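Input: a single structure, listed below in structure tokens.
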There are 2 protein chains.
Amino acid sequence: MDRPLVPFGRPRAERADAARNREHLLDAARLMIAEHGVDKVTMDALAERAGLGKGTVFRRFGTRAGIFRALIEADERRFQELVLSGPPPLGPGADPVERLVAYGRARIRFLLEHRTLARAAIERGQPLPEGEVDMTALHLRVLLVQADPDLGEPDGLAIMLKAALEGPPLMFLASDEPRSPREAEHLLTESWRTLVERLLPQQTPADRP
Amino acid sequence: MDRPLVPFGRPRAERADAARNREHLLDAARLMIAEHGVDKVTMDALAERAGLGKGTVFRRFGTRAGIFRALIEADERRFQELVLSGPPPLGPGADPVERLVAYGRARIRFLLEHRTLARAAIERGQPLPEGEVDMTALHLRVLLVQADPDLGEPDGLAIMLKAALEGPPLMFLASDEPRSPREAEHLLTESWRTLVERLLPQQTPADRP
DNA sequence: AATATAAGCGGGGTAAAGTCCGTTTAATAT
DNA sequence: ATATTAAACGGACTTTACCCCGCTTATATT
């Protein structure tokens, strides 16, 4: 008759078979992608390959895009750790403008390296794939304010700069002629630097006594 | 036996019945959207509503997204005309920085007003929906170079600024809390102004003799 | 007016995402 | 060890975009 003493604990850890099956599914997905590319990863084929039912696939990942999001997640976490506690200028310690430039360079490279998965991880519904909160917009906002406390509309600017940074690699420079990822990386990185350095006052040595 | 004397004329104008059916389909789509929203516009339902076969719908518009692209097209053309030959500062004649600010304001409003259709017009494949060429990136590039001929990487900057301008309204400020379109429009317009005016040297009266 | 032909048409067929619900089972309480 | 139950499972079912291809017709040519 007693109710559990801690009725509000987290919703009870994932069952062991569920965790095992998730790994099976992710492994199967990785193999299928390596063999035939993302397009051939259908929910039916993935379920069969992993020896599970289709319902299980949807229960685990919600949507097709969810599978690809899960595949990127580990790398994304590593990336965020470098940003939050790695060496400067990407990590804390450097001048905010330098950190913004470094973040852009790293993010562009990350997205271009993961572009196939990242594109497949975009939901056909509303927003871009974010792990609960939008780390990029958040981080950009913080650095923008640090670089210039008097900046108007930091929220809006953070949103726009996030789009400027992440849109082109995800769409792989949607416009005009095709470019190699190498050329794209260089072009975008340099453009980002220009954008950031012009947008924010350079902190020259003369500024600090 | 003779082949046509002008074998390379354009591929022969659209047949009258085809044009008529296209209008019927667009009318039907508009009605269905007004009544039940874009999601209920399925290819089967649209075909039936217009009294045509499903194959005809695909022949006319290629994909589902193509229908929504066609619905926006007229408005998009009007917009481009205002930009190319309307009154300044949106049209030609004003200072490039002013034109960039004006273009951003107009584009943000346009995309927010059309956001439902515009989102539905995005293909689940690669690029964002563009009418053959990417007018926004092109226009931004021209104005950027006019405003500052020494700007490095105008191509990359144009691509990034296009993403900064069009991404947020299309994704409707994907991140954080929901905002009303009104608030969104104001926030983005002001942010765009800040971005452009900081990015480019203000043309002060003193600069011109 | 008759003919030729490329364009258009229709609707059944396929593939794939996502839903539903009855059955099974891991984890926990007794 | 047994009972309990919430979670997990599986696979049939539904929905929808998109393909295919034999038939029809508008238009141009003679």
Side-chain angles (χ1 to χ4, degrees), chain A residues 1-26 28-29 32 36-70 120-126, chain B residues 1-25 28-29 32 36-70 120-125:
Chain A
M1 261 324 180
D2 292 279
R3 310 299 244 67
L5 291 175
V6 190
F8 297 130
R10 12 339 23 175
R12 207 188 219 168
E14 184 176 55
R15 246 165 68 168
D17 53 345
R20 205 179 325 126
N21 285 338
R22 168 164 49 236
E23 290 312 314
H24 288 168
L25 285 167
L26 290 177
M32 292 174 75
H36 306 108
V38 286
D39 289 351
K40 288 292 178 54
V41 182
T42 68
M43 301 309 254
D44 287 289
L46 178 59
E48 188 177 5
R49 177 80 173 239
L52 296 169
K54 184 157 51 149
T56 304
V57 182
F58 279 95
R59 163 169 291 264
R60 281 283 83 80
F61 298 108
T63 67
R64 192 183 116 97
I67 292 167
F68 301 107
R69 226 181 309 148
I122 295 177
E123 293 281 351
R124 153 129 169 82
Q126 217 79 329
Chain B
M1 262 323 179
D2 291 279
R3 310 300 244 69
L5 289 176
V6 190
F8 298 131
R10 64 249 83 154
R12 204 190 221 168
E14 184 176 54
R15 247 165 67 168
D17 52 346
R20 206 179 325 128
N21 285 338
R22 170 168 46 238
E23 290 312 314
H24 288 167
L25 285 166
M32 294 173 74
H36 307 106
V38 286
D39 289 351
K40 288 292 179 52
V41 181
T42 69
M43 301 308 255
D44 287 290
L46 177 59
E48 188 177 5
R49 178 79 174 241
L52 296 169
K54 194 177 9 171
T56 304
V57 183
F58 280 94
R59 164 169 289 265
R60 282 282 83 80
F61 299 108
T63 66
R64 190 183 118 97
I67 293 166
F68 301 107
R69 227 181 309 149
I122 295 177
E123 294 280 352
R124 152 128 171 83

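Naming convention: chains lettered A, B, ... in sequence-line order (proteins, then strands); numbering from 1 in each chain. Because the structure is predicted, anything quoted here is derived from the model rather than measured.
For A:I67 against A:L26, the heavy-atom pair with the smallest separation is O-CD2, 4.3 Å.
With distances taken from any side-chain atom of A:R60 to the nucleotides D:dA8, C:dC9, C:dA17, the minimum falls on D:dA8. Distance from the side chain of A:F58 is smallest to C:dG18 among D:dC18, C:dG18, C:dC9. Listed nucleotides: D:dA8, C:dA16, C:dG10. Nearest to the side chain of A:R59: D:dA8. Relative to the side chain of B:R64, the nucleotides D:dC9, D:dA17, D:dA6 differ in distance, and D:dA17 lies closest. The side chain of B:M43 sits closest to D:dA17 out of C:dG13, C:dA16, D:dA17. Listed candidates were D:dC9, D:dA17, C:dG8. Nearest to the side chain of A:T56 is D:dC9. Closest contact between the side chain of A:T42 and the listed nucleotides D:dA8, D:dA17, C:dA17 involves C:dA17.
As rounded to whole Å, 13 Å separates atom P of D:dA8 from atom CZ of A:F61. The distance from atom CG of A:D44 to atom P of C:dT14 is 16 Å, rounded to the nearest whole Å. As a whole-Å value, the separation of A:R20 CZ from C:dA26 P is 8 Å. In this structure, the NZ atom of B:K54 is 8 Å from the C1' atom of D:dA17, given to the nearest Å. Note: CG (B:L46) to C1' (C:dG10) measures 15 Å, nearest angstrom. A:H24 has its NE2 atom 11 Å from the P atom of D:dC9, to the nearest Å. Protein atom NZ of A:K40 is 13 Å distant from nucleotide atom P of C:dA17, rounded to whole Å. When rounded to the nearest whole Å, the span between CD of A:E48 and P of D:dA12 equals 12 Å.
Summarising the geometry, atom OG1 belonging to B:T63 is positioned 6.5 Å from atom CE belonging to B:M43; distances are rounded to the nearest 0.5 Å.
Here the side chain of B:R60 pairs no donor or acceptor atom with the backbone of B:E23 at under 3.5 angstrom.
Each of B:A16 and A:A18 has a nearest nucleotide on DNA chain D; the 5'-most of these lies closest to A:A18. For B:G55 and B:E14, each mapped to the nucleotide of DNA chain C holding its nearest heavy atom, the one lying further toward the 5' end belongs to B:E14.
The side chain of B:N21 places an N or O atom within less than 4.0 Å of a non-bridging phosphate oxygen (OP1 or OP2) of C:dC9.
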**Asked** Passes side chain to side chain contact (heavy atoms under 4.5 Å, CB included), B:K40 versus B:M32? Steps please.
**Response** CA-CA 7 Å; B:K40 288 292 179 52; B:M32 294 173 74; 5.8 Å; no
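Put simply, the side chain of B:R15 and the base of C:dA7 share a donor and an acceptor less than 3.5 Å apart.
Annotation: B:E48, atom CD; neighbour count of heavy atoms from other residues, nucleotides and ligands within 6.0 Å does not exceed 12.
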